[in-house]
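Chain identifiers are assigned alphabetically (A, B, ...) following the order of the sequence lines, protein sequences preceding nucleic acid strands; residue numbering begins at 1 within each chain. FYI, side chains are in, hydrogens and waters are out, and symmetry mates aren't considered; it's all heavy atoms of this structure.
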Number of protein chains: 4
Amino acid sequence: MERQRKISKREAIIEAAIGLFSQKGYHNTRMEEIAQAAGAGKGTIYEYFASKTELFSEILLTGWRKIQEDIPLQEPGVTPVLEQLHRLIHGHLRYFQENRQLTRVSFCEVDTIDQELMEWALKVKGEKEKQVRAMIETGIERGELRTDIDVDIVSRMVCALIPYFASHIVMNDVEIDTHHLAVQISTTILEGIKN
Amino acid sequence: MERQRKISKREAIIEAAIGLFSQKGYHNTRMEEIAQAAGAGKGTIYEYFASKTELFSEILLTGWRKIQEDIPLQEPGVTPVLEQLHRLIHGHLRYFQENRQLTRVSFCEVDTIDQELMEWALKVKGEKEKQVRAMIETGIERGELRTDIDVDIVSRMVCALIPYFASHIVMNDVEIDTHHLAVQISTTILEGIKN
Amino acid sequence: MERQRKISKREAIIEAAIGLFSQKGYHNTRMEEIAQAAGAGKGTIYEYFASKTELFSEILLTGWRKIQEDIPLQEPGVTPVLEQLHRLIHGHLRYFQENRQLTRVSFCEVDTIDQELMEWALKVKGEKEKQVRAMIETGIERGELRTDIDVDIVSRMVCALIPYFASHIVMNDVEIDTHHLAVQISTTILEGIKN
Amino acid sequence: MERQRKISKREAIIEAAIGLFSQKGYHNTRMEEIAQAAGAGKGTIYEYFASKTELFSEILLTGWRKIQEDIPLQEPGVTPVLEQLHRLIHGHLRYFQENRQLTRVSFCEVDTIDQELMEWALKVKGEKEKQVRAMIETGIERGELRTDIDVDIVSRMVCALIPYFASHIVMNDVEIDTHHLAVQISTTILEGIKN
DNA sequence: TATGAATGAGCATTCATTCAT
DNA sequence: GATGAATGAATGCTCATTCAT
């Protein structure tokens with residue numbers, strides 16, 4: 001067997017699950033379908049995952065970890081806020097565009113599968129917001145941003161835009177210039193649109 | 001029997017369904033529970049709704065119609081864009097806050113219940129975006145907004161913010177000053193945050 | 001209201017029930033359909049019939065009574081057996097052809113609706129057989145028929161032919177010359193087919 | 001475990017279904033009862049049969065196939081018609097008597113379960129009639145039978161007698177000498193009953 | 001007498017999960 | 001580890017029947 005072909009059963013199952021969950025949703029995907037798509041037996045899934053819910057959670061967690069790895073935090077000391085904001089937005093959009101299926105899975109249903117999962121999702125969202133808030137606050141401290149803005153609201157605004165545009169990309173299955181989009185968004189927030 | 005107490009069975013079922021769907025999600029709510037909560041028999045639901053899916057659709061459609069009625073379009077001729085933007089955002093946020101459960105139902109799961117429903121939701125979203133874009137374009141024509149902005153992206157930005165903050169309100173079950181929030185959001189977009 | 005138009009509700013229900021039972025079978029016909037077809041309310045049926053089963057029984061009983069009335073017994077003294085046999089067969093076939101729907105209802109499902117009904121049907125069948133047996137026996141006594149025949153089996157043979165051809169008529173919805181058919185059948189039994 | 005005892009789950013389900021359908025009829029038999037009687041879980045039935053209807057169809061088809069195998073066609077060249085007729089009738093009666101339950105299932109309800117099934121039953125009946133007609137025609141050609149008989153009607157008469165007597169056997173649950181009965185029937189048809 | 005809104009027992013079917021091989 | 005036959009709890013939906021009007 002060649003290197004590339006050698007995928008662990010576990011990997012295969014996760015891949016299959018992402019594909020099917022993304023396409024048909026959690027509740028419309030049967031464990032048997034996942035097993036088939038993964039070229040495994042139905043029982044094999046349970047060798048690696050305790051339940052359907054856990055398989056789903058595992059996928060979300062993995063996805064989230066990959067985001068953390070792929071989008072490195074800026075060293076806040078040097079980079080100007082505009083640049084930081086741009087990188088944050090661009091990093092996320094690119095990641096989501098490159099992981100369409102996983103993104104689709106993550107954006108839907110998280111709330112309805114499991115109470116625990118929902119709380120976890122809220123926590124993740126909260127952390128992102130904290131990260132952005134820190135960025136904004138630094139900007140204010142360094143005099144790059146106005147002092148009269150509502151930090152809380154502005155941070156959330158930034159956080160609102162990323163999933164919305166990401167959702168647009170993956171749901172309508174379009175391919176866009178994420179760099180350009182990120183520039184437009186960050187500039188607009190910074191500069192406003194008033195004449 | 002008093003006037004107010006006299007609720008049609010159909011109303012009662014819808015109310016019960018909204019409450020349960022909102023609390024436990026579509027898939028975790030059994031028809032029997034809805035019937036019980038509505039003080040009706042299981043079969044009675046099927047007197048009014050052909051299926052669980054249709055009951056869900058009916059709820060979403062009703063909610064959407066109410067939004068259309070509650071948030072009147074501005075007469076674009078007179079009102080300045082800042083004011084229009086504020087009214088749009090405020091109207092939605094207030095509606096969502098006042099219809100928490102319905103909102104919660106509408107924001108989750110729409111995508112996973114039914115293909116048809118999903119397409120309908122995308123259409124509704126598209127219409128909202130069109131409405132906002134028209135508003136922005138008018139602002140540019142009237143010289144209230146800069147001419148170098150990307151109308152498409154800016155409109156979407158506005159559309160992104162409303163559900164995000166609405167979602168925050170209903171998911172965390174907090175009570176906020178929607179007027180203040182709307183002012184902050186619209187001002188920020190208009191003015192930017194750059195010093 | 002004209003005479004002919006004035007049909008009692010009860011009649012209307014029975015007519016509707018015969019039509020639907022005949023077309024779709026007992027189990028596939030809903031009480032509501034019958035009510036609609038009869039131009040009555042669902043509850044009205046229960047004014048006249050205690051249950052679906054009883055409505056069905058009533059129909060069968062009525063049909064059976066009509067057969068008894070329509071096909072008068074022969075005065076055994078005079079008529080030759082060939083003639084008697086012919087009249088019996090012809091009478092039944094004509095009746096069944098003229099009451100296609102009722103016949104269709106009677107021939108199917110009687111067995112599966114109700115234990116009681118099934119036993120009743122067996123009794124009716126037994127009576128017919130007895131009647132035919134008496135006819136055959138008279139024929140033997142009068143020297144019209146051979147003495148070495150098995151009266152029991154021959155009677156049953158006659159009884160077998162009537163419903164089979166009747167069933168053919170109503171199931172395939174064809175119109176046939178019942179007189180000719182009856183002649184053929186009775187002659188064949190009498191004469192045999194051997195060269 | 002002994003050989004004989006080792007019955008596949010599928011066999012067990014079919015056996016159980018035949019027994020129950022035969023006893024209580026299709027509509028009065030619940031899938032759960034079949035499962036219990038087969039010593040299987042409710043879901044197991046669906047491993048082998050897509051639906052209740054299909055389980056029923058499968059049973060009928062199997063029964064029909066077994067008849068075809070058990071009652072070999074005569075080589076028309078040699079055997080005299082009387083013998084052929086006798087063998088045909090006897091073969092069927094014996095088969096039906098030996099498969100009482102299956103016969104009971106086959107004779108009732110076929111018409112009311114399913115449109116498709118009903119058409120199939122009509123087709124099967126038609127084929128039998130064709131087979132008998134060929135037999136009669138051969139008899140005429142060979143000079144064994146009279147030339148003035150109505151082939152069509154005579155064939156149908158033969159076909160009418162088999163299920164009638166079979167039905168008598170299985171419905172009243174009696175044990176008879178099928179050989180004797182077949183002799184009587186075929187002789188009667190051949191010879192007639194006239195003195 | 002006539003009605004039809006309301007009911008709930010009853011049932012076919014699904015699918016996550018188990019476990020013997 | 002890997003498998004898939006077997007399972008049965010869970011649930012959407014039907015429809016005969018009731019009863020207040």
Heavy atoms only, 4.0 Å cut-off, all strands: where does C:Tyr48 land among base, sugar-phosphate and nothing?
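Sugar-phosphate contact only - C:Tyr48 comes under 4.0 Å of backbone atoms but never of a base.
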
Select base, sugar-phosphate, or nothing to describe what D:Ala40 touches, counting heavy atoms under 4.0 Å on all strands.
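Sugar-phosphate contact only.
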
Could you give all pairs that pass the ring pair (Phe, Tyr, Trp, His ring centres under 6.0 Å) test and reach residues 32-63 of chain A, with sequence neighbours left out?
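Non-adjacent pairs meeting ring pair (Phe, Tyr, Trp, His ring centres under 6.0 Å): A:Phe21-A:Phe56, A:Tyr26-A:Phe56.
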
Please, which pairs that meet salt bridge (charged side-chain N to carboxylate O under 4.0 Å, His left out) have at least one residue in residues 47-57 of chain D, sequence neighbours excluded?
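Passing the test, one end in residues 47-57 of chain D: no pairs.
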
[atom1] of [X] versus [atom2] of [N]: gap in Å, rounded?
{"X": "C:Ile34", "N": "F:dA16", "atom1": "CD1", "atom2": "P", "value": "8 Å"}
{"X": "C:Ile45", "N": "F:dA16", "atom1": "CD1", "atom2": "P", "value": "9 Å"}
{"X": "C:Arg10", "N": "E:dA2", "atom1": "CZ", "atom2": "P", "value": "12 Å"}
{"X": "A:Glu33", "N": "F:dG4", "atom1": "CD", "atom2": "P", "value": "16 Å"}

Going by the rule side-chain hydrogen bond (donor to acceptor under 3.5 Å, both in side chains), which residues pair with A:Gln36 if we only count those two or more places apart in sequence or in a different chain?
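For A:Gln36, no residue satisfies side-chain hydrogen bond (donor to acceptor under 3.5 Å, both in side chains) once neighbours in sequence are set aside.
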
What closest approach, in Å, do D:Ala12 and D:Ala38 show between heavy atoms, and which atom pair accounts for it?
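Between these two residues, the closest heavy atoms are O-CB, 3.6 Å.
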
Minimum heavy-atom distance D:Ile59-D:Ala17, with the two atoms named
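Closest approach of D:Ile59 to D:Ala17, heavy atoms only: CD1-CB, 3.6 Å.
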
Under the rule for side-chain contact (heavy atoms from CB on, under 4.5 Å), what residues qualify as partners of B:Thr103, not counting sequence neighbours?
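B:Phe96, B:Asn99, B:Phe107, B:Val170.
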
Would you mind telling me which residue lines up with the more 5' stretch of DNA chain E, C:Lys9 or B:Gly39, judged by nearest nucleotide?
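Nearest nucleotide further toward 5': that of C:Lys9.
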
Its contact letters, B for base, S for sugar-phosphate only and - for none at protein heavy atoms under 4.0 Å, make nucleotides 11-21 of chain E read SSBBSSBB---

Can you run through DNA chain E from 5' to 3' and write each base as (, ), [, ], | or . depending on how it pairs? Watson-Crick or G-U wobble, both distances under 3.5 Å.
.||||||||||||||||||||

Got a donor-acceptor contact below 3.5 angstrom from the D:Glu33 side chain to the D:Arg30 backbone?
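Confirmed, D:Glu33 side chain pairs with D:Arg30 backbone.
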
Under the side chain to side chain contact (heavy atoms under 4.5 Å, CB included) test against B:Ser57, which residue among B:Thr62, B:Val110, B:Leu117 passes?
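Testing each of B:Thr62, B:Val110, B:Leu117 against B:Ser57, the sole residue satisfying side chain to side chain contact (heavy atoms under 4.5 Å, CB included) is B:Leu117.
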
